[in-house]
Number of protein chains: 2
Amino acid sequence: MLSKKTKYAFHALTYLGKQEEKTPILISEVADKTKVPKKFLESILLDLKKAGILTSKMGKGGGYYLLKDPADVELADVIRMFNGPIALLPCVSLNYYEPCDECVDETTCGLNKIMIEVRDETLKIVAKKTLADILKAEA
Amino acid sequence: MLSKKTKYAFHALTYLGKQEEKTPILISEVADKTKVPKKFLESILLDLKKAGILTSKMGKGGGYYLLKDPADVELADVIRMFNGPIALLPCVSLNYYEPCDECVDETTCGLNKIMIEVRDETLKIVAKKTLADILKAEA
DNA sequence: CACTTAATCTACAGATCTAGTAGATTATTA
DNA sequence: TAATAATCTACTAGATCTGTAGATTAAGTG
């Protein structure tokens, strides 16, 4: 399951993605409309900005708005950022690899091999789906 | 990512599945060979027994052994048991459904729709792969 | 029956992570 | 200079994860 933070990030991205004009939207507006606690949302938006997905303007007339094309924001990107690895085990993670403490030999571990397959299949899904798909699916 | 408990469960199942004879294996033997803390393993094996995947015998000559055919033990079963829902959001979970607090109308939520698709694709993977596949993959 | 073996049950505890809050600071505009 | 709005730092309550300790029950053995 995704953490609330991850889900909130998707809600925020969806709200900002739905805007016609690329004009700055207040954090408080996003918080109100998506029902995400404002202070919690702040750090989420900041992370999305640091990742280059959003950008922002300070001061009056400021706010957040989408920088990337929704079609270029993969579910996998957002999930990795807020939820951690896509892989089910550290020993099969491409981005966060770590050997298992109990592992004697990775090359002979059946679990490892199967989880690599699961990872690859999962990536096919979450790397193909993007924010654009979520926006399209909105009524 | 899977919890350690879930990973340990897979290791234990793999070890028991590798046995030639369906003769009871001591918890302590499984713990030693899989490097899972013994007392922690106890509760895992007990859960697997309650789920009908393993069975056990008490007293001398006792221990745990596989009850189900490895081909009938889906990854999804074990993951659900120890890790929780396969779905990424509560509102798209088949087995643990819960509405989102922030949700106004599920039928118009793009995130919901996309996550249903992701769930279905994920299920195709983890429900098809079984303990038998892990055993086959062992060197 | 007494003894040993080994699973089962109950309870707890430290560490880590999650979700959320509070308040000060910096940048921008008017 | 005043108002606005993002940014940064720090903290906290609660939940979950991982693991441990010890008593109890069931089964076989002499």
Side-chain angles (χ1 to χ4, degrees), chain A residues 1-12 16 23-32 34-51 53-67 79 81-85 88-90 96 98 100-102, chain B residues 1-12 16 23-32 34-51 53-67 79 81-85 88-90 96 98 100-102:
Chain A
M1 299 273 282
L2 300 177
S3 64
K4 286 198 175 187
K5 196 167 188 175
T6 312
K7 185 173 63 165
Y8 290 164
F10 279 120
H11 281 312
L16 292 174
T23 168
I25 311 288
L26 295 183
I27 293 179
S28 52
E29 178 181 336
V30 180
D32 280 356
T34 59
K35 292 186 188 160
V36 176
K38 192 193 162 211
K39 292 299 273 185
F40 199 24
L41 182 61
E42 278 183 18
S43 71
I44 294 169
L45 294 177
L46 206 51
D47 284 346
L48 288 167
K49 178 187 175 176
K50 283 173 188 159
I53 295 172
L54 300 179
T55 190
S56 66
K57 258 188 78 178
M58 281 179 118
K60 184 156 191 178
Y64 278 94
Y65 54 99
L66 213 56
L67 186 61
I79 292 174
M81 194 179 325
F82 295 105
N83 216 66
L88 293 180
L89 294 178
Y96 303 82
E98 251 180 271
C100 294
D101 294 335
E102 75 277 10
Chain B
M1 298 273 282
L2 299 178
S3 64
K4 286 199 175 187
K5 196 167 187 174
T6 311
K7 184 173 64 166
Y8 290 165
F10 279 119
H11 281 311
L16 292 175
T23 168
I25 310 289
L26 295 183
I27 293 178
S28 52
E29 178 181 337
V30 180
D32 280 358
T34 61
K35 292 187 189 161
V36 176
K38 193 193 162 212
K39 294 296 276 182
F40 199 24
L41 181 61
E42 280 184 15
S43 71
I44 294 170
L45 295 177
L46 206 51
D47 285 346
L48 287 168
K49 178 187 173 176
K50 283 173 188 159
I53 295 172
L54 300 179
T55 190
S56 66
K57 258 188 78 178
M58 282 179 117
K60 185 155 191 179
Y64 278 92
Y65 54 100
L66 214 56
L67 185 62
I79 293 174
M81 194 177 326
F82 294 105
N83 216 67
L88 293 180
L89 294 178
Y96 304 81
E98 251 181 272
C100 294
D101 293 337
E102 75 277 12

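Keep in mind that the numbers below use all heavy atoms, side chains included, and drop hydrogens, waters and symmetry copies. Naming: A, B, ... by sequence-line order, numbering from 1 per chain.
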Identify which nucleotide among [options] has an atom closest to any side-chain atom of [X], counting heavy atoms from C-beta outward.
| X | options | result |
| --- | --- | --- |
| L46(B) | dT28(C), dC9(C), dG20(C) | dC9(C) |
| S56(B) | dA6(D), dG28(D), dA7(C) | dA7(C) |
| K4(B) | dT18(D), dT29(C), dC8(D) | dT18(D) |
| E42(A) | dC8(D), dG19(D), dA5(D) | dC8(D) |
| K5(B) | dG20(C), dT18(D), dG28(D) | dT18(D) |

* Asked: NA contact type, K38(B), heavy-atom cut-off 4.0 Å: base, sugar-phosphate, or nothing?
  -> nothing
* To do: For L26(A), answer base if it contacts any base atom (sugar-phosphate contacts may also be present), sugar-phosphate if it contacts only those atoms, and nothing otherwise; contact means non-hydrogen atoms under 4.0 Å.
  => sugar-phosphate
Can you give me the closest heavy-atom contact between [X] and [Y], atom names plus distance?
| X | Y | result |
| --- | --- | --- |
| T6(B) | I79(B) | CG2-CA, 4.2 Å |
| S3(B) | N83(B) | N-OD1, 2.7 Å |
| I27(B) | K38(B) | CG2-CG, 3.9 Å |

* **Sole candidate of L16(A), L67(A), I44(A), L46(A) that passes side chain to side chain contact (heavy atoms under 4.5 Å, CB included) when paired with L54(A)** => L16(A)
* Asked: If only side-chain N and O atoms of K60(B) are considered, is one of them under 4.0 Å from the OP1 or OP2 phosphate oxygen of dA7(C)?
  -> no
* Would you say Y8(B) reaches dG19(D)'s phosphate, i.e. side-chain N/O to OP1/OP2 under 4.0 Å? -> yes
* To do: Please tell me which of F82(A) and G61(B) maps to the more 5' nucleotide of DNA chain C, matching each residue to the nucleotide holding its nearest heavy atom.
  => G61(B)
* Structure fact -> Result for 5'-nearest mapping on DNA chain C, choosing between F40(A) and M58(B), is M58(B)
Would you kindly give the [atom1]-to-[atom2] distance between [X] and [N], to the nearest whole Å?
| X | N | atom1 | atom2 | value |
| --- | --- | --- | --- | --- |
| I27(A) | dT26(C) | CD1 | C1' | 14 Å |
| E102(A) | dT18(D) | CD | C1' | 13 Å |
| L48(B) | dA7(C) | CG | C1' | 15 Å |
| E29(B) | dA6(C) | CD | P | 11 Å |
| D47(A) | dC8(D) | CG | P | 10 Å |
| L54(A) | dA6(D) | CG | P | 12 Å |
| I44(A) | dA6(D) | CD1 | C1' | 15 Å |
| M1(A) | dA15(D) | CE | C1' | 15 Å |

* Can a donor-acceptor pair under 3.5 Å be found between the side-chain atoms of K39(A) and the base atoms of dG23(C)? -> yes
* Side chains of F10(B) and T34(B): closer than 4.5 Å at any heavy-atom pair? -> no
